[in-house]
Structure formats: C-alpha cells, structure tokens
Number of protein chains: 14
Amino acid sequence: MENMTELANAIIIAGKAIGAGLAMGLGAIGPGIGEGHVGGHAMEAIARQPELTNVIITRMILADAIAETTGIYSLVIAFLILFVL
Amino acid sequence: MENMTELANAIIIAGKAIGAGLAMGLGAIGPGIGEGHVGGHAMEAIARQPELTNVIITRMILADAIAETTGIYSLVIAFLILFVL
Amino acid sequence: MENMTELANAIIIAGKAIGAGLAMGLGAIGPGIGEGHVGGHAMEAIARQPELTNVIITRMILADAIAETTGIYSLVIAFLILFVL
Amino acid sequence: MENMTELANAIIIAGKAIGAGLAMGLGAIGPGIGEGHVGGHAMEAIARQPELTNVIITRMILADAIAETTGIYSLVIAFLILFVL
Amino acid sequence: MENMTELANAIIIAGKAIGAGLAMGLGAIGPGIGEGHVGGHAMEAIARQPELTNVIITRMILADAIAETTGIYSLVIAFLILFVL
Amino acid sequence: MENMTELANAIIIAGKAIGAGLAMGLGAIGPGIGEGHVGGHAMEAIARQPELTNVIITRMILADAIAETTGIYSLVIAFLILFVL
Amino acid sequence: MENMTELANAIIIAGKAIGAGLAMGLGAIGPGIGEGHVGGHAMEAIARQPELTNVIITRMILADAIAETTGIYSLVIAFLILFVL
Amino acid sequence: MENMTELANAIIIAGKAIGAGLAMGLGAIGPGIGEGHVGGHAMEAIARQPELTNVIITRMILADAIAETTGIYSLVIAFLILFVL
Amino acid sequence: MENMTELANAIIIAGKAIGAGLAMGLGAIGPGIGEGHVGGHAMEAIARQPELTNVIITRMILADAIAETTGIYSLVIAFLILFVL
Amino acid sequence: MENMTELANAIIIAGKAIGAGLAMGLGAIGPGIGEGHVGGHAMEAIARQPELTNVIITRMILADAIAETTGIYSLVIAFLILFVL
Amino acid sequence: MENMTELANAIIIAGKAIGAGLAMGLGAIGPGIGEGHVGGHAMEAIARQPELTNVIITRMILADAIAETTGIYSLVIAFLILFVL
Amino acid sequence: MENMTELANAIIIAGKAIGAGLAMGLGAIGPGIGEGHVGGHAMEAIARQPELTNVIITRMILADAIAETTGIYSLVIAFLILFVL
Amino acid sequence: MENMTELANAIIIAGKAIGAGLAMGLGAIGPGIGEGHVGGHAMEAIARQPELTNVIITRMILADAIAETTGIYSLVIAFLILFVL
Amino acid sequence: MENMTELANAIIIAGKAIGAGLAMGLGAIGPGIGEGHVGGHAMEAIARQPELTNVIITRMILADAIAETTGIYSLVIAFLILFVL
C-alpha cells in the first residue's frame with residue numbers, strides 16, 4: 001500500500017524535525033551564555049585598560065571563537081539530521 | 001485512500017511545528033541572557049569611562065554579534081525544519 | 001470520508017498551537033531576563049553619572065535592541081508556524 | 001458522522017488551550033523577572049540620587065517598556081493561537 | 001450518538017482547564033518574584049532615605065504596576081481560554 | 001448509554017482537578033518567594049532604622065499586597081476552573 | 001453496567017488525588033522558602049538590635065502571615081479539589 | 001464482574017499513592033530549606049550575641065513553626081488523599 | 001478470573017512503590033540541604049566562639065530537629081502508602 | 001493462565017525497581033550536598049582554629065549524622081519497597 | 001506459551017535497568033558535589049595553614065567518608081535492584 | 001510486506017535523530033559554559049597583566065582545548081549514532 | 001514463535017541502553033562539577049603558596065579520588081546493567 | 001515473519017541511540033563546567049603569579065585530566081551501548 005509508505009515517511013520527518021530542534025535549541029544555550037560571559041568581562045577589561053582595547057577585543061574574538069565551537073557542532077549535527085540521515 | 005495521506009501530512013506538519021518551536025524557543029534563551037550580560041557590563045563600563053562610550057559600544061556590538069550567532073543558527077535550523085525538510 | 005480529513009486538520013492545528021506556544025513562550029525568557037539585566041545596570045549607571053543620562057539611555061536602547069533579536073526571531077518562527085507552514 | 005467532527009473540534013480546542021497557555025505562561029517569566037530587576041535597581045538609584053527621581057523613573061519606564069516587548073509578543077501569539085489559527 | 005458528544009465535550013473542558021492552569025500558574029512566577037525584588041529594594045531604600053518614603057513608594061507602585069502587566073496578560077489569556085475559546 | 005456519560009464526567013473532573021492544581025500550585029511559588037524577599041529586607045530595614053518601624057511595615061504590607069496579586073489571580077483561575085468552567 | 005461506573009469513579013479519585021497533590025505540594029515550596037528568608041533576616045536583626053526583639057518578632061509574624069497566604073490558598077484549592085469538586 | 005471492580009480499585013490506590021507522594025514529597029522541600037535558612041542565621045546570631053541565646057532560640061522556634069505550616073498542610077492533604085478521599 | 005486479580009494487584013504494588021519513592025526521595029532533599037545549612041553555620045559559629053561549643057551544638061540539634069520534621073512527615077507518608085493504604 | 005501471572009509479576013518488579021530507584025536516587029541529593037556544606041565549613045573552621053580540631057570534627061560528625069537521617073530514611077523506604085512491599 | 005514468559009522477563013530486565021540507572025545516576029550527584037565542596041575548602045585551608053596539612057587532609061577524608069554514605073546507599077540499592085530483587 | 005520494513009526504517013531514523021540531537025544538544029551546554037568561564041577570566045587577567053597577554057591567551061587556548069574534549073566526544077557519539085550504528 | 005522472542009530481546013536491549021545511559025550520564029554530573037571545584041581551589045592555593053605546589057597537588061589528587069568514587073560506582077552500575085544483568 | 005525481526009531491530013537501534021545520547025549528552029555537562037572552573041581559576045592564578053605559569057598550567061592539566069575521567073567513562077559507556085551491547 002502506498003499509505004503505509006507515507007506514514008513511515010511522516011514519522012521520519014517528524015522525528016528528524018524534533019531531533020534537529022533539540023540539537024540546535026539545547027546546543028545554543030551553552031555558547032550563548034558562555035560568549036556573553038566572555039563579552040561582559042571584556043567590556044569591564046576595556047573600561048579598566050582603555051589603551052588595550054584592540055588587544056582585548058582580538059583575544060575576546062579568539063575566546064568566543066573557541067566557545068562557539070560546540071554551537072557549530074550542534075549546527076552540523078542538526079544539518080546532518082535534517083539532510084544526510 | 002486519500003485519508004491516510006492526510007493523516008501522514010498532519011503528522012509531518014505537527015512534528016515540524018514542535019521541532020521548529022523547540023529549536024527557536026530553546027535557542028533564544030542563551031543569546032538573550034548572554035547579550036544581556038554583555039550589555040549590562042557595557043552600561044557599567046560607560047558609567048566608569050564616559051569618554052570611551054563609542055569605543056565600548058562598538059565593541060559591545062561586536063561581542064553581541066558573536067553571542068548572537070547561535071541564535072541565528074537556531075533561526076536557520078527552524079527555517080530549514082519548516083520549509084526545506 | 002470527510003471525518004478523517006477533519007481529524008487530520010485537528011492534529012495539524014493542535015500541533016501548530018503547541019509548537020508556536022513553545023517557540024514564543026520559551027523564546028521570551030532569555031531576552032526578558034537579558035534586557036532586565038541591561039536596564040538594571042543602566043539605572044545604576046545613571047545614578048552614578050547623572051549627566052550621562054542620555055548617553056546611557058541611547059546605548060541601553062541599542063543594547064536592548066540587540067538582546068531583543070532572538071525574541072523577534074521567536075516571534076517570526078511562531079508566526080511562520082501558525083500561518084505559513 | 002457528526003461525532004467525528006465533534007471529536008476533531010475537541011482536539012483543536014484542547015490543543016489551542018494548551019498551546020496558548022504555554023505561550024503566555026512561559027512568556028510571562030522572563031519579562032516579569034527582568035522588569036523586577038530594572039525596578040529594584042531604580043529604587044536603589046532613587047535612594048542614592050533623590051533629586052534624579054523623575055529622570056530615573058522615566059528611564060525605568062523606557063527600560064521596562066523594552067523588556068515588556070517579548071511579553072507582548074507572547075500575548076499576541078497566544079491571541080493568534082486562540083482566535084485566528 | 002449522544003455519548004460521543006459528551007466525550008468530545010469532556011476533552012474540551014479538560015484541555016481548557018490544563019491550558020488555563022499552565023497559563024496562570026506559570027505566569028504568576030515571574031511577576032511574583034519580580035515584584036518581590038522591587039519591593040525588597042524599596043524597603044532598603046526607605047531605610048537609607050526615610051524622608052523619601054512617599055517618593056519611593058509611589059515609584060515602587062509604578063514599577064510594580066509595570067512588572068504586573070505580564071501577570072495580567074496571563075490572567076486575560078486564562079480567562080479567554082476558559083470562557084471565550 | 002449511561003456509562004459513557006459517566007466516563008466523560010470522570011475525564012472532566014480529573015482534568016479540572018489537575019488544571020486547578022497546576023494553576024494554584026505553580027501560582028503560589030512566585031508570590032511566596034517574592035513576599036519573603038520583601039519581608040526579609042523589611043526586617044533588615046527595621047534593624048537599621050527602628051524608629052521607622054511603622055513606616056516600613058505599612059509600606060511592606062503595600063509591597064506585599066502588590067506581589068500577592070498574581071497569587072490571587074491564580075486563586076481566581078483555580079476557582080473558575082473548578083466551579084464555573 | 002456497574003463496572004463502568006466504578007472505572008469512572010476510579011478515574012475521578014485518581015485525578016483528584018494527583019491534582020490536590022500538585023496544588024499543595026508545589027504550593028508549599030514558595031511560602032516555605034519565603035518564610036525561611038523572612039525568619040533568617042529576623043534572626044540577624046535581633047542579633048544586631050536585641051532591644052527590638054519584640055518589635056521585630058511581631059513584624060516578622062505579620063510578614064510571615066502575608067507570605068503564608070498563597071500556601072493557604074493552595075490548601076483551600078486542594079480541599080475543594082478533594083471534597084467539593 | 002468482580003474483576004473490573006478490582007481494576008478500578010487498583011487505579012484508585014495507585015492514584016492516591018502517587019498523589020500523596022507528590023503532595024508530601026514536594027511539600028517537604030520548601031519548609032526544609034526555609035527552616036535550614038532560619039536555623040543557620042540563628043547559629044550566626046548566637047555566635048555574635050551569646051548572651052541572647054535563649055531569646056534567639058525561642059524566636060527561631062517561632063519562626064520555624066510558621067515556616068513549618070505549609071509542610072503541615074502538605075501532611076494534612078496527603079492524609080486526606082490517602083484515608084478520607 | 002484469577003488473572004485479573006493479579007494484574008490489579010500488580011498495579012497497586014507498582015503504584016505504591018512509585019508513590020512512596022516520590023514521597024521519600026523528594027522529601028529528603030529539603031531537610032538534607034537545610035540541615036547542612038544549619039550545620040555549616042554552626043561550624044563557623046564554633047570557630048568564632050569556641051567557648052560556646054556546647055551552647056551552639058545543643059541549639060543546632062534543636063534547629064535540626066525542627067528542620068527534620070518534614071523529612072519525618074515524608075517517612076510517615078511513605079510508610080502509610082506502603083503498608084496502610 | 002500461567003502467563004498473566006508472570007506479566008503481573010513483571011509489572012510488580014519493574015514498578016518496585018523504579019520506585020526504589022527514585023527513593024534512593026533523589027534521597028541521596030539532599031544529604032550529599034548538605035554534608036558537603038557542613039564538611040566544607042568544618043575545614044575552614046579548622047584552618048582558623050587549629051587547636052579546636054577535635055572539637056570541630058566531633059561536632060561535624062554530629063551535624064552530619066543529623067543531616068544523614070533523611071538519607072537513611074530513603075534507604076529504609078527503598079529496602080521496604082524492594083523486599084517487604 | 002513460552003513467549004509471554006519472555007515478554008514478562010524483558011519487562012523485568014528493562015524495569016530493573018532503568019530503576020538501577022536512576023538510583024545510581026541521581027545518587028551520584030549529591031555526594032559528588034558535596035565532596036567537591038569539602039575538597040575545595042580543604043585546599044584553601046592548606047593554603048592558609050600549610051603546617052596543618054595532615055590534620056586537614058585526615059579530617060577531609062573523614063568528612064568525605066560521611067558525605068559518601070548516601071552514594072554508597074545508592075550503590076547498594078542499585079545492586080539489590082539488579083541482582084536480588 | 002514491504003510496508004513493515006518501511007515502518008521499521010522510520011523508527012530507526014527517528015530514534016537516531018532524537019538520540020543524536022540529545023547527545024550533541026546536551027553535550028554543548030557544559031563546554032560552552034565552561035569555555036566562557038575560562039575566557040571571561042582570561043579577559044580579566046589580560047586587563048590586570050597586559051604584558052602577559054600572549055602567555056595568558058596560549059594557556060587559555062590550552063584550557064579551552066581540554067574543556068572542549070567532552071563536546072568533541074558528544075560530536076563523535078552523535079556522528080556514530082547517525083552513520084555507524 | 002521466534003518473533004516474540006526477538007521483540008522481548010529488543011525490549012531488554014533498549015531498556016538496558018536507556019538505564020545505563022541514565023546511570024552514567026547523570027552520574028558524571030556530580031563528580032565532574034565537584035572535581036572542578038576542588039581543582040579550581042587548588043589553582044588558587046598554588047597561586048597563594050607556590051612553595052606548597054606538591055603538597056597541594058598530591059592532596060588535590062586525593063580529594064579528587066574521593067569525589068571520583070560515585071562516578072566510578074556509576075560506571076560499575078552501567079557496566080553491570082549492560083553486561084551482567 | 002521477517003517483518004517482526006525488522007521491527008525488533010528498529011526498537012534496538014532506537015533504544016541504543018537514545019541511551020547513548022543520554023549517556024554522552026548528560027555526561028558532558030559536569031566535566032565541561034568543572035574544567036571551565038579549573039581553567040578560569042588557572043587564568044587568575046597566572047595573572048597573580050606570572051612566574052609560576054608553567055607550574056600552574058601543568059597542574060591545571062592534571063586537575064582537568066581528573067575532572068575529565070567521568071566524561072571519558074560516559075564516552076566508554078556510550079560506545080559500549082552502541083557497539084558491544
């Protein structure tokens with residue numbers, strides 16, 4: 001029957017949607033809070049050492065880039081769940 | 001039967017709606033709190049170093065832009081769940 | 001049968017309602033707390049540097065506008081779930 | 001049959017009620033806490049700078065108005081779920 | 001059959017009760033904590049500036065009124081779920 | 001059949017009980033913590049300014065009355081779920 | 001059949017038990033923590049101003065009585081769920 | 001049939017057990033933490049004002065008695081669920 | 001049939017086990033944390049006032065005994081669920 | 001049939017396992033954290049008053065013994081669920 | 001039939017696995033955090049009183065041994081669930 | 001039948017998607033927050049010891065690399081769930 | 001039938017996988033946070049007393065070894081769930 | 001029938017995927033936060049004692065290695081769930 005095929009297809013798509021939603025939704029919590037922590041301390045650091053603004057900001061970007069990695073992993077996994085699985 | 005097709009379609013749409021809702025809803029928590037942390041410290045920094053206002057604000061925007069990224073990833077995944085999957 | 005169509009339609013509407021509710025409800029937590037953090041520090045900053053009130057408030061609005069973005073993304077996704085999906 | 005129509009209608013109404021409840025209930029947490037944070041710091045600010053009361057309060061209202069936005073979005077989405085979907 | 005109508009009616013009422021319960025129950029957390037925060041800081045402010053009691057209290061009421069709004073939205077949504085939906 | 005009517009009635013009562021339980025149970029968390037916060041700071045304020053006891057207590061009652069409102073809304077909604085719905 | 005009536009009755013009692021359990025169990029968290037906060041600060045206040053013990057304790061009882069209200073509401077709702085619904 | 005009566009009875013007992021478990025289990029969290037808070041501050045107060053030990057302890061018992069009330073309400077509700085419902 | 005009786009019995013025992021597990025498991029969290037708070041502050045108090053060790057410890061036991069009560073209530077309810085219900 | 005008896009037995013064992021798991025697992029959280037709090041403050045107290053080491057440690061054991069009680073209750077309830085129920 | 005026996009056996013093993021997993025998994029949270037708290041304060045204590053290292057460490061082991069108890073209870077219960085039940 | 005095969009396949013894919021989503025989504029929370037903590041303290045350290053910028057940043061990268069490991073494990077497990085299982 | 005045997009086997013393996021996952025996943029949270037707490041304070045202690053590095057580190061390893069125990073218990077239980085049960 | 005075998009196989013794979021996802025996802029939270037705590041304090045320690053950089057970093061790696069262990073256990077259990085069970 002064609003119908004069972006459609007039902008199976010519906011379960012696949014619904015499962016993928018929820019799986020990718022969990023991967024990216026949960027995966028955005030950590031980096032978002034972490035980068036906000038880095039950024040907040042960088043603002044304070046600039047206020048204390050204005051002449052170091054460029055030094056601090058370039059390092060902040062580096063620190064953020066590292067904290068971003070798990071967010072990017074989540075993005076990759078969500079993509080893979082949606083389009084490669 | 002036409003009916004089974006409609007039921008399968010209903011499961012797909014309901015699954016997509018919940019998946020995209022989780023992706024964007026959870027994904028907005030981290031960046032929202034993180035950017036608030038950056039912004040709050042930037043306010044303090046301006047109060048301590050008023051002559052650095054522009055320096056601090058441009059860096060705050062940069063720090064926020066980085067913290068925003070996982071929120072944007074969530075938006076992208078939610079879009080993909082809704083319209084491309 | 002007409003009935004199965006109605007049942008499928010009911011599942012779609014219920015799924016959309018819960019998905020949009022999760023997207024907007026969860027998505028309002030982060031920006032709400034984050035903007036409150038920015039606003040609270042801005043109040044403190046004004047109390048310390050009253051002559052900077054306009055400088056601080058315009059920057060606070062800027063910082064809030066950035067923290068608001070993920071809330072707006074949630075709004076957009078909730079709209080799309082409700083009316084475009 | 002008339003009955004299946006009624007069952008489908010019941011699922012729609014129950015789904016809408018729970019979806020709107022989640023949207024508004026969760027959506028009231030963030031702005032409520034955030035505005036309380038702004039208001040608490042405004043009280044402190046008035047105690048430190050009584051002559052700035054009007055300046056602080058008008059800015060507090062502005063900061064609260066911004067923090068309120070995601071609560072209003074939640075209200076809008078809950079309305080749409082209930083009456084437009 | 002009359003019975004199916006009653007079953008459908010039961011699902012509607014149970015769904016409405018749980019939806020309204022979530023809307024108001026969750027919606028009371030944020031404003032309750034937020035207003036407590038405002039009130040606590042107002043008590044401190046009075047202890048530091050007793051001659052400002054009226055100024056602080058009137059502003060506290062204003063701040064609380066704003067923090068109350070999302071609680072009122074929750075009340076409105078719960079009413080609408082119960083009696084208008 | 002009489003039985004189906006009873007089953008429908010049972011679902012209504014169970015749904016109402018759980019809905020009202022959620023509304024009042026969750027709705028008591030926020031005001032309880034908030035009023036405790038107000039009261040705790042009022043105790044401190046009295047210890048610092050004993051001659052202001054009446055001023056502080058009357059304002060504390062006012063602040064508590066406002067923080068109580070969402071608890072009262074929860075009570076109202078729970079009553080409505082139980083006896084009017 | 002007598003049996004269906006018993007099954008319906010069982011669902012009613014189980015639903016009421018869980019609803020009342022949620023109402024009172026969750027409803028005891030807020031006032032318990034809040035009153036502990038008031039009491040803890042009252043202990044501190046007595047240690048700082050021993051001659052004010054009676055003033056502080058009578059006010060603490062007043063503050064606790066107010067924080068207790070939502071716990072009493074929860075008790076009332078739990079009673080109503082159990083015996084009046 | 002006798003069997004259905006037994007099944008209905010089983011649902012009643014299981015529902016009562018879980019309802020009473022939630023009522024007492026959740027209801028013990030708030031007072032436990034709250035009374036610990038009162039007690040901890042009372043220990044500190046004694047260390048600072050050893051000559052006030054009796055004054056502080058009698059007031060601590062009073063404060064604890066008030067914080068205990070919601071725990072007692074939970075006990076009452078759990079009893080009622082188990083033996084009166 | 002004998003079998004249905006056994007099934008009903010199984011549901012009763014499983015329900016009782018889970019209900020008693022929730023009652024005692026959740027009910028041990030509050031007193032455990034609260035008594036740890038009392039004990040921790042008592043250690044500090046002894047370090048500051050070694051000559052008061054006996055005074056502090058006897059009062060600590062009193063404070064702990066009060067904080068223990070809700071844990072004992074949970075034990076009682078768990079016993080009643082298991083053996084009296 | 002023998003089979004139904006086995007199924008009923010399986011439900012009993014599975015229910016007991018989950019109930020005892022919840023009782024002991026949740027019940028270990030509070031005492032574990034609480035005793036860690038006591039122990040941490042005892043370490044500090046020894047560092048400040050090394051000559052009181054024995055006094056502090058014997059009292060710490062007493063304080064821990066009291067905080068342990070709810071953990072022991074959980075153990076007892078878990079045993080009773082497993083072997084006496 | 002042999003099959004029903006196997007199904008009943010499968011339910012028993014799955015229920016035991018989840019029950020033991022909850023018992024040990026949840027039961028490791030409290031002691032882990034608590035012992036970390038003890039250990040962290042012991043490190044500080046050594047840094048302040050290096051000549052007391054042995055005194056502090058032996059007491060730390062004692063404090064940890066007590067905090068470990070609920071973890072050991074969890075281990076015992078998990079073993080009993082797996083192999084004795 | 002071909003259909004059952006498709007249904008089994010659908011369950012596999014949905015299960016894999018949710019499993020991988022949980023692995024990566026939850027697994028991104030810890031490293032994200034942890035690396036943000038490292039990065040925030042590194043910003044502060046640079047503001048205090050600007051001449052040590054390179055020393056601090058290279059060590060920060062090392063510390064982040066170690067904190068990243070569990071995120072990478074999560075990525076590996078998510079990949080294995082998706083493509084090797 | 002052979003099929004029922006396979007289904008029973010599938011339930012066993014799925015139940016074991018989820019049980020072991022909960023045991024090890026939850027069981028890694030406490031020791032991970034606790035050991036991080038110990039390690040963080042050890043870093044501080046070295047910075048304050050560099051000449052005590054070896055003393056502090058050997059004690060840190062001891063403190064960590066104790067905090068590790070519940071993690072090892074979780075590992076043991078997870079192994080037993082997977083291969084001995 | 002071949003189909004039942006496939007269904008059983010699907011349940012096994014879905015169960016393994018979710019179990020391994022929980023093991024690794026939850027298991028990455030503790031070490032990630034813990035190692036971030038160690039690393040953050042190491043950054044501070046370097047800023048205070050720059051000449052001790054190598055001493056601190058080598059000990060940080062040691063502390064991290066210990067905190068990593070439960071993450072590695074989670075990895076091992078996830079692997080075993082996926083490929084050995």
Side-chain angles (χ1 to χ4, degrees), chain M residues 1-48 50 53-54 56-57 60-61 63-65 67-68 70-72 74-75 78-79 81-83, chain N residues 1 3-5 7-12 14-42 44-49 51-52 55-56 59-60 62-64 66-71 73-74 76-78 80-82 84-85:
Chain M
M1 289 175 289
E2 193 64 25
N3 296 323
M4 193 59 107
T5 307
E6 283 176 9
L7 189 65
N9 199 36
I11 291 171
I12 290 175
I13 290 179
K16 280 182 170 182
I18 292 171
L22 284 172
M24 194 63 242
L26 289 170
I29 293 173
I33 293 175
E35 290 166 20
H37 199 247
V38 174
H41 281 85
M43 292 302 112
E44 275 186 35
I46 291 173
R48 277 198 295 187
T53 302
N54 285 337
I56 291 167
I57 287 298
M60 183 195 81
I61 292 171
D64 276 353
E68 186 72 17
T70 51
I72 291 171
S74 296
L75 184 66
F79 263 102
I81 291 171
L82 291 178
F83 301 118
Chain N
M1 289 175 290
N3 296 322
M4 195 58 107
T5 307
L7 189 65
N9 198 36
I11 291 171
I12 290 175
K16 280 182 170 181
I18 292 172
L22 284 172
M24 194 64 241
L26 289 171
I29 293 174
I33 293 176
E35 290 166 20
H37 199 248
V38 175
H41 281 85
E44 274 186 34
I46 290 173
R48 277 198 295 187
Q49 304 273 7
E51 70 284 3
L52 288 176
V55 171
I56 291 168
R59 270 60 180 184
M60 183 195 80
L62 180 61
D64 276 353
I66 298 171
E68 186 72 17
T69 47
T70 51
Y73 297 168
S74 296
V76 169
I77 292 297
L80 292 174
I81 291 171
L82 291 177
V84 180
L85 185 61

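The chains referred to below are lettered A, B, ... by the order of the sequence lines, with proteins before strands, and numbering in each begins at 1.
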With the side chain counted from C-beta on, respond yes when [X] and [Y] share a heavy-atom pair under 4.5 Å apart, and no when they do not.
{"X": "N/T69", "Y": "M/I72", "value": "no"}
{"X": "M/I57", "Y": "N/L62", "value": "yes"}
{"X": "M/N54", "Y": "N/R59", "value": "yes"}

When rounded to the nearest 0.5 angstrom, what is the spacing between CG in N/N9 and CG in M/N9?
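The CG atom of N/N9 sits 10.5 Å away from the CG atom of M/N9.
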Check [X] against [Y] and note the closest heavy-atom contact, atom names and distance.
{"X": "M/A14", "Y": "N/I11", "answer": "CB-O, 4.0 Å"}
{"X": "N/L85", "Y": "M/L82", "answer": "CD1-O, 3.5 Å"}
{"X": "N/I66", "Y": "M/E68", "answer": "O-OE1, 3.8 Å"}
{"X": "M/E6", "Y": "N/A8", "answer": "O-CB, 3.5 Å"}
{"X": "N/A45", "Y": "M/M43", "answer": "CB-O, 3.8 Å"}
{"X": "M/A28", "Y": "N/T70", "answer": "O-OG1, 3.5 Å"}

Among the options M/A67, M/A65, M/P50, pick out the one with the most heavy-atom pairs lying under 4.5 Å from chain N.
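Most heavy-atom pairs under 4.5 Å with chain N: M/P50.
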Among M/E44, M/R48, M/M60, which has the most heavy-atom pairs under 4.5 Å with chain N?
M/E44
Top of [options] for chain M proximity - count of heavy-atom pairs under 4.5 angstrom:
{"options": "N/I77, N/I46, N/L52", "answer": "N/I77"}
{"options": "N/G15, N/A10, N/A23", "answer": "N/A23"}
{"options": "N/D64, N/L22, N/V76, N/I81", "answer": "N/I81"}
{"options": "N/M24, N/K16, N/H41, N/E35", "answer": "N/H41"}

Which portion of [X] sits near chain N, non-hydrogen atoms under 4.5 angstrom:
{"X": "M/A20", "answer": "both"}
{"X": "M/I56", "answer": "neither"}
{"X": "M/I61", "answer": "both"}

Of all residues at least two apart in sequence or in a different chain, which pass the side chain to side chain donor-acceptor pair (under 3.5 Å) check with M/T53?
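Expected list: none.
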Go through the structure and list residues passing side-chain contact (heavy atoms from CB on, under 4.5 Å) with M/I29, not counting sequence neighbours.
M/L26, M/I33
N/H37 side chain vs M/G36 backbone, donor-acceptor pair below 3.5 Å
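Here the side-chain-to-backbone pair exists.
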